[in-house]
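Right, one structure below, let's go through it.
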Amino acid sequence: MRSGWLLRDGQVLASVDIADSPVERMRGLLGRSSYEGAMLLPATRSVHTLMMRFPLDVAHMTADLKVLSTSRMGRWRIGLPRPGCRCVLEASSGAFERWALEVGDQLEIRDAR
């Protein structure tokens with residue numbers, strides 16, 4: 001799993017883990033009791049919170065990381081795919097509000113070097 005920084009307009013919003021492999025995407029945030037930062041799930045159109053220990057903020061995005069929609073998912077929910085979605089960003093519930101993340105935001109990832 002790669003790590004980096006999640007940015008909007010050059011401002012760092014959070015650290016980000018990028019789940020590159022199918023196994024990493026399937027696992028996502030399962031098994032964790034909390035999570036700081038964000039997790040990017042490339043090649044993903046929908047997520048679920050089955051067996052999750054905490055609720056999530058979820059952003060559906062285009063391949064170039066433009067935010068199409070955001071939602072808060074409680075535990076034990078199954079999300080629907082969004083038209084045009086090519087990747088999903090997950091964070092602990094409340095993170096998007098702290099970051100003021102909105103539909104239409106253009107995000108970017110920078111390597112944590």
Side-chain angles (χ1 to χ4, degrees):
M1 187 171 308
R2 292 184 297 135
S3 295
W5 299 105
L6 179 68
L7 292 88
R8 179 186 55 222
D9 298 327
Q11 178 184 8
V12 174
L13 300 177
S15 62
V16 63
D17 292 322
I18 303 164
D20 289 317
S21 74
V23 171
E24 290 170 343
R25 286 191 296 274
M26 263 193 331
R27 182 164 185 232
L29 297 175
L30 287 173
R32 300 175 194 231
S33 57
S34 66
Y35 188 71
E36 293 296 324
M39 179 169 287
L40 180 66
L41 305 169
T44 302
R45 296 183 61 220
S46 65
V47 295
H48 67 82
T49 58
L50 303 175
M51 299 189 301
M52 288 291 297
R53 296 179 181 170
F54 55 95
L56 297 177
D57 284 347
V58 175
H60 292 86
M61 303 185 301
T62 61
D64 66 348
L65 305 183
K66 183 174 182 179
V67 178
L68 299 171
S69 68
T70 62
S71 62
R72 184 164 289 170
M73 290 182 68
R75 295 173 60 214
W76 295 95
R77 301 286 183 252
I78 297 174
L80 297 174
R82 300 286 198 265
C85 177
R86 295 295 176 261
C87 60
V88 173
L89 185 72
E90 295 180 333
S92 293
S93 181
F96 290 0
E97 186 176 343
R98 287 191 308 277
W99 304 339
L101 188 71
E102 297 180 352
V103 170
D105 283 352
Q106 182 64 57
L107 303 179
E108 67 176 288
I109 304 291
R110 288 204 189 139
D111 288 337
R113 293 181 193 176

Any side-chain heavy atom of [X] within less than 4.5 Å of one from [Y]?
X      : Y      : answer
Arg53  : Leu29  : no
Val58  : Thr49  : no
Leu68  : Met61  : no
Leu101 : Arg8   : yes
Leu30  : Met52  : yes
Asp17  : Ser3   : yes
Leu65  : Gln106 : yes
Asp57  : Thr70  : no

Can you confirm whether more than 12 heavy atoms, excluding those of Arg27, are under 6.0 Å from its CZ atom?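 It does not: Arg27 CZ has 12 such atoms or fewer within range.
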Above 12 or not: heavy atoms from other molecules or residues under 6.0 Å from CD1 of Ile78? no
From CA spacing to verdict: side chain to side chain contact (heavy atoms under 4.5 Å, CB included), Arg2, Asp111: CA-CA 8 Å; Arg2 292 184 297 135; Asp111 288 337; 4.1 Å; yes
Where [X] and [Y] come nearest, the two heavy atoms and their spacing:
X     : Y     : answer
Ser46 : Gly79 : CB-O, 3.5 Å
Ala38 : Leu89 : CB-CD1, 3.7 Å
Ala19 : Pro42 : O-CD, 3.2 Å
Met1  : Ile18 : CG-O, 3.1 Å
Cys87 : Cys85 : O-SG, 3.4 Å
Trp99 : Gly37 : CH2-O, 4.0 Å

Under a single-linkage definition using a 4.5 Å side-chain heavy-atom cutoff for Ile, Leu, Val, Met, Phe, Trp and Tyr, are [X] and [Y] assigned to the same hydrophobic cluster?
X     : Y     : value
Val16 : Val12 : no
Leu50 : Met73 : yes
Leu40 : Val67 : yes
Trp76 : Phe54 : yes

One pair to check against side chain to side chain contact (heavy atoms under 4.5 Å, CB included): Leu13 and Leu7. What are the steps and the verdict? CA-CA 5 Å; Leu13 300 177; Leu7 292 88; over 6 Å; no
From [X] atom [atom1] to [Y] atom [atom2], the distance as rounded to the nearest 0.5 Å:
X     : Y      : atom1 : atom2 : answer
Leu6  : Met39  : CG    : CE    : 13.0 Å
Ser93 : Arg75  : OG    : CZ    : 12.5 Å
Asp9  : Glu108 : CG    : CD    : 8.5 Å
Ser71 : Arg82  : OG    : CZ    : 5.5 Å

Can you tell me if Arg25 uses its side chain to pair, donor with acceptor, with the backbone of Asp20 under 3.5 Å? yes
Output yes when a side-chain donor or acceptor of Arg45 lies under 3.5 Å from a complementary backbone atom of Ala43, and no otherwise.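 Not at all, since once roles are kept as given, no pair shorter than 3.5 Å links the two residues.
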Should Leu56 and Tyr35 be marked as a side chain to side chain contact (heavy atoms under 4.5 Å, CB included) after you check the CA-CA gap, both sets of side-chain angles, and the distance that decides it? CA-CA 10 Å; Leu56 297 177; Tyr35 188 71; over 6 Å; no
Run Arg72 and Glu97 through side chain to side chain contact (heavy atoms under 4.5 Å, CB included) and show every step you take. CA-CA 10 Å; Arg72 184 164 289 170; Glu97 186 176 343; 4.1 Å; yes
